[in-house]
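Only one structure is covered here, and it is reproduced in the block below.
Chain letters run A, B, ... following the sequence lines, proteins first and then strands; every chain starts at 1. Values in this document were obtained by computation on a predicted structure and should not be read as measured data.
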Amino acid sequence: MAFAWKAAGLTYNRYLAVASRVVRRSLKEDKRIAAERRGEMDLRFAKWENGKQGENKSLASANEAAMAEAAAQQSS
Amino acid sequence: MLSRAARPALRAGVAAVARPATLNAINAATYATLREIEGRLKSIRNIEKITKTMKIVASTKLTRAQKAMTESRSYGQTSNTVFEKAETKPLEGEGKKTLIVVCSSDKGLCGGIHSGMSRKTRAMLLGKPDTDLVVVGEKCKSQLGRSNGKNLVLSFAGIGKDVPTFADASAIADQISLLPADYSSIQIVYNKFLNAQSYEPVVIEAFSEEAIAQSPNFAAFEIDDDVLSNLREYALANSLYWALAEGHACEQSARRNAMDNASKNAGDMINKFQILFNRTRQAVITGELVEIITGAAASEEG
């Protein structure tokens with residue numbers, strides 16, 4: 001079984017996040033605001049090498065970049 | 001912001017308690033000492049107000065956090081049922097790397113729950129020194145970064161402002177699964193909520209694909225190989241969400257207790273200082289009366 005989202009370089013969790021965002025956005029106005037709060041994510045992360053902390057980056061954009069890279073690798 | 005500002009003042013309050021003994025020894029009570037005591041009394045009252053407010057804030061957050069915790073438990077436990085039924089065990093053997101994920105938060109002023117978790121992690125690292133670490137939350141990051149900086153591979157910040165969402169957990173899980181090394185087992189350390197007073201750092205396992213495929217009862221489920229990696233990612237996110245939500249509830253509850261104790265201590269100090277203040281005031285009045293009477297008597301004689 002091949003998955004379209006897997007071919008696009010998404011992980012399962014990312015696929016879930018996108019799908020749930022779509023569902024949340026299609027809700028009625030009052031329910032949507034409460035639901036969208038559950039989908040918010042504002043984390044930062046840093047990579048560590050040899051006991052040194054790297055740069056603090058936004059997790060969301062880093063994840064997107066990684067997925068795009070994975071997609072590029074899959075298609076080539 | 002508030003917590004930072006409160007700290008030096010709290011320390012000043014502690015220092016103030018040590019002093020009255022010396023104040024009592026010097027019996028010459030003057031206006032100066034009276035003013036000093038009054039000033040300290042005022043600052044302790046302010047601190048009490050702050051800690052009381054923080055306690056109320058933590059209490060209201062706690063009810064929400066507990067609700068989120070019970071909800072998240074079903075996520076984690078349901079996904080764990082699969083592995084229980086399949087009798088999945090972590091793979092043992094040489095060259096298998098383990099990853100420890102520590103779920104703390106960014107904020108302090110909540111007693112020893114973060115340091116308890118760091119201690120547990122250090123104990124686990126003693127047994128397996130080549131284990132990699134992923135730390136969620138600033139508090140454990142600074143503690144573990146000092147002692148085990150070499151093991152750290154990733155750290156996350158920004159958690160703990162609000163009840164953790166599944167989006168948080170799945171984003172972290174994604175970033176973990178993007179790590180270059182291949183881990184045979186992922187252990188998530190979090191604070192288990194026993195009751196409102198006690199927490200215990202415990203470990204839940206998230207298994208690798210290999211471990212799932214090799215579990216004895218794996219045939220009970222009809223799983224295609226393609227789907228297996230999805231299951232693993234999703235199970236990791238589920239476990240992380242559970243750990244984060246339960247850790248968050250523990251933190252709020254611990255903060256409530258810590259602030260409750262702080263307010264109680266402040267109340268004790270206020271009582272002590274109030275008594276000292278009244279005594280000193282009386283001493284000052286008596287001293288002045290004696291001075292006036294002797295002065296009057298002396299001028300009458302002369």
Who wins among [options] for the most heavy-atom pairs under 4.5 Å with chain A?
options	answer
T165(B), N230(B), I172(B)	N230(B)
Q175(B), K150(B), K141(B), R146(B)	Q175(B)
A169(B), A157(B), G158(B)	A157(B)
A171(B), G145(B), G149(B)	A171(B)

Please check this pair: side chain of S170(B) against backbone of N13(A), looking for a donor-acceptor N/O pair closer than 3.5 Å.
no
Heavy atoms from other residues, nucleotides or ligands near CD of E69(A) exceed 12 (cutoff 6.0 Å)
no
Got more than 12 heavy atoms from elsewhere within 6.0 Å of CD, E36(A)?
yes
Does K47(A) form a side-chain contact (heavy atoms from CB on, under 4.5 Å) with V153(B)? I'd like the steps, not just the answer.
CA-CA 6 Å; K47(A) 284 197 169 130; V153(B) 287; over 6 Å; no
Under 4.5 Å to a heavy atom of chain A? For I159(B) that would be both
Contact part of L231(B) toward chain A, heavy-atom cut-off under 4.5 Å: side chain, backbone, both or neither?
neither
If every non-hydrogen atom of D168(B) is compared with every non-hydrogen atom of D42(A), which pair is closest and at what distance?
OD1-N, 4.2 Å
Return the minimal non-hydrogen interatomic distance between A167(B) and G39(A), and the atom names on each side.
CB-O, 3.5 Å
Check whether Q53(A) gets within reach of chain B through its side chain, its backbone, both or neither, counting any heavy atom under 4.5 Å.
side chain
Checking heavy atoms, do the side chain of R37(A), its backbone, both or neither come under 4.5 Å from chain B?
backbone
Among the listed options K52(A), E40(A), E49(A), the residue most often paired with chain B at heavy-atom distances under 4.5 Å:
E40(A)
Top contributor to chain B interface from W48(A), Y12(A), Y15(A) [non-hydrogen pairs under 4.5 Å]:
W48(A)
Tell me, with the steps shown, if V136(B) and L43(A) meet side-chain contact (heavy atoms from CB on, under 4.5 Å).
CA-CA 10 Å; V136(B) 184; L43(A) 296 181; 6.0 Å; no
So D174(B) and R14(A), side-chain contact (heavy atoms from CB on, under 4.5 Å) or not? Walk me through it.
CA-CA 8 Å; D174(B) 271 354; R14(A) 184 75 199 151; 3.8 Å; yes
